[in-house]
Amino acid sequence: MLYYLFDFLHRHYNVPGTGVFQYTSFRAAMAVVTSLIIAQLFGKQLIAVLRRKQIGETVRDLGLQGQLEKKGTPTMGGLIILLAILVPTLLFAKLDNIYVILMLLSTVWLGLIGFVDDYIKVVKKDKEGLAGRFKMLGQLGLGLTVGWVLFFSHDVTVRQYLLPTGQLSAVDASTVYQDVKLMITTIPFAKNNELNYGDLFATAGDFFNEYYAFFYIPIVIFIITAVSNGANITDGLDGLAAGTSAIIGTTLGIFAFVSGNAVLADYLDIMFIPNVGELTIFCTAFVGACVGFLWYNSYPAQVFMGDTGSLAIGGIIAVLSLIVRKELLIPVLCGIFLVENLSVILQVSYFKYTKKKYGEGRRLLRMSPLHHHYQKLGYHESKIVSRFWIVGIMLAVLTLVTLKLR
């Protein structure tokens, strides 16, 4: 909103200083500062309201160190994250940008699903919360919407350059180009690192070549569901999900900035995606929201994000990765979420297998998800979180290295 106001003042009245809003870097900086301020001011007030209304976490005794001390800690703190993302984005981003619209939609969509789940658990005192099938239906609906827009919208394009050989390429910029509708993604660590989803079905016949959206959209649904659930599972220790998400969000913000800047994309020899640079504002707001939330969520936590926050941040990360064409890097960038997810799947699967084979269930880990396994081994909660953050930073650096390491 402020972007349009200052743009109007700059173009029609040439007011000094208003032209700075044309720069993505300036608006991104303003977004992160505003996000941090909102998280600080709104967070304190929300925690006070939650305490007055006795909206606190219900804790089952699982024998974990310090677990019972968390009983009654306010939850639904994800509202802090949502507000600190939405307000700066609405203020500083171009709201007619298709990618910004998709991110706002994804944030509100999964935030509402998480809020309903938390409301049923905490206010209605139903520990089961929102039925799993309704969560899955909500995630499926978002995946279908995002996949449909990315595949069919004419505003979602990549820039193709005409090479001296007469061929087209998404890199090696020249003065002759065209913005085309192609579902291309990036293959990490590969020299010719573009994969056209359409090529996967080119040899299967004209029908599959023309309607491969029916294969692409399920991939989008799977990615959004997997990452949002991974973030939800990771949210088990003070500061773990928020800190890890801030690291991932910073990385995706860098990808959005360089992929949306023709000069940097040419220099790095990467795919240029028109208009995607505007997502830098959303990414900085997202990082600011996560860091601002850490002020209250770091050990010992004054508030938990609940499903309101964890489902939303997971979905945000998934959709951002898809938009900047880095979904194949998710297993690396979101390695923490992946391992946490796998630890639960393997634990449950092994338990069922051994119960069927030996008559009694056995466990691979002392407890799942993985962070609880380390708690059972005697590691302090803050040490586990710090080390997970360090691993997350290492994975983020490895992800960024793919810009040049092929």
Side-chain angles (χ1 to χ4, degrees), residues 1-2 27-59 69-93 95 103-125 129-130 231-232 235-246 249 281-316 381-382 385:
M1 296 177 184
L2 288 180
R27 288 184 288 124
M30 292 298 294
V32 71
V33 171
T34 306
S35 181
L36 287 167
I37 292 173
I38 290 173
Q40 289 295 301
L41 297 179
F42 179 67
K44 188 174 182 180
Q45 296 178 3
L46 178 65
I47 292 171
V49 171
L50 293 174
R51 286 191 184 279
R52 282 200 305 270
K53 295 186 176 295
Q54 297 182 337
I55 300 177
E57 186 76 7
T58 303
V59 176
E69 298 171 5
K70 299 183 179 184
K71 185 176 182 180
T73 301
T75 188
M76 299 174 73
L79 292 171
I80 301 171
I81 297 175
L82 296 182
L83 190 68
I85 293 173
L86 295 174
V87 172
T89 303
L90 291 172
L91 287 176
F92 299 107
L95 301 181
M103 292 315 307
L104 291 173
L105 174 68
S106 302
T107 303
V108 173
W109 191 310
L110 287 178
L112 282 174
I113 294 173
F115 177 80
V116 171
D117 186 42
D118 286 336
Y119 183 84
I120 294 172
K121 286 179 184 175
V122 180
V123 178
K124 298 297 184 181
K125 306 301 181 183
L130 184 66
N232 187 238
D235 182 33
L237 297 179
D238 297 350
L240 179 56
T244 304
S245 298
I281 288 90
F282 181 91
C283 289
T284 53
F286 174 70
V287 173
C290 291
V291 173
F293 181 73
L294 274 175
W295 184 271
Y296 300 106
N297 185 239
S298 58
Y299 181 86
Q302 297 172 258
V303 65
F304 299 137
M305 69 171 66
D307 283 7
T308 306
S310 60
L311 283 177
I313 62 177
I316 287 169
E381 181 172 340
S382 58
V385 171

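Between F286 and S245, some side-chain heavy-atom pair lies under the 4.5 Å cut-off. Put simply, the side chain of T284 does not reach to within 4.5 Å of the side chain of M30, judged on heavy atoms. The closest side-chain heavy-atom distance from V116 to T308 is not below 4.5 Å. Looking at T89 and L104, their side chains come closer than 4.5 Å, going by heavy atoms from C-beta outward.
The CG atom of D307 sits 9.0 Å away from atom CG of L130, with the distance rounded to the nearest 0.5 Å. Rounded to the nearest 0.5 angstrom, N297 CG and D235 CG are separated by 7.0 Å. Atoms CG and OG1, on L50 and T75 in that order, are 8.0 Å from each other to the nearest 0.5 Å. In this structure, CD1 on I81 lies 4.0 Å from CE on M305, to the nearest 0.5 angstrom. Atoms CD1 and CD1, from I85 and I316 in turn, are 4.0 Å apart once rounded to the nearest 0.5 Å. Rounded to the nearest 0.5 Å, atoms CG (D118) and CE (M76) are 5.5 Å apart.
Nearest heavy atom pair, residue I281 against residue A28, reads CG1-N, 3.9 Å. The shortest non-hydrogen separation linking A231 to A241 is O-CB, 4.3 Å. The shortest non-hydrogen separation linking Q302 to I47 is O-CG2, 4.1 Å. Nearest heavy atoms, A242 versus C290: O-CB, 3.5 Å. The heavy-atom pair separating G111 from L82 by the smallest distance is CA-CD1, 3.9 Å. Across all their heavy atoms, F293 and F304 have their closest contact at CZ-C, 3.8 Å.
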Practice problem: Kindly determine whether L46 and V303 satisfy side chain to side chain contact (heavy atoms under 4.5 Å, CB included), including the steps that lead there. | Solution: CA-CA 9 Å; L46 178 65; V303 65; 5.8 Å; no
Practice problem: Dump the intermediate steps for side chain to side chain contact (heavy atoms under 4.5 Å, CB included) on D238 and E381, then the final yes or no. | Solution: CA-CA 8 Å; D238 297 350; E381 181 172 340; 3.1 Å; yes
Quiz item: Do L36 and W295 pass the side chain to side chain contact (heavy atoms under 4.5 Å, CB included) test, and can you show the C-alpha distance, the side-chain angles, and the key distance before you say yes or no?
Solution: CA-CA 10 Å; L36 287 167; W295 184 271; over 6 Å; no
Quiz item: Which is it for L112 and V108 under the side chain to side chain contact (heavy atoms under 4.5 Å, CB included) test, yes or no, and what are the steps along the way?
Solution: CA-CA 6 Å; L112 282 174; V108 173; 3.9 Å; yes
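The number of heavy atoms from other shown groups lying within 6.0 Å of OH (Y119) does not exceed 12.
S35 places a side-chain N or O within 3.5 Å of a backbone atom of A84 that can act as its donor or acceptor partner.
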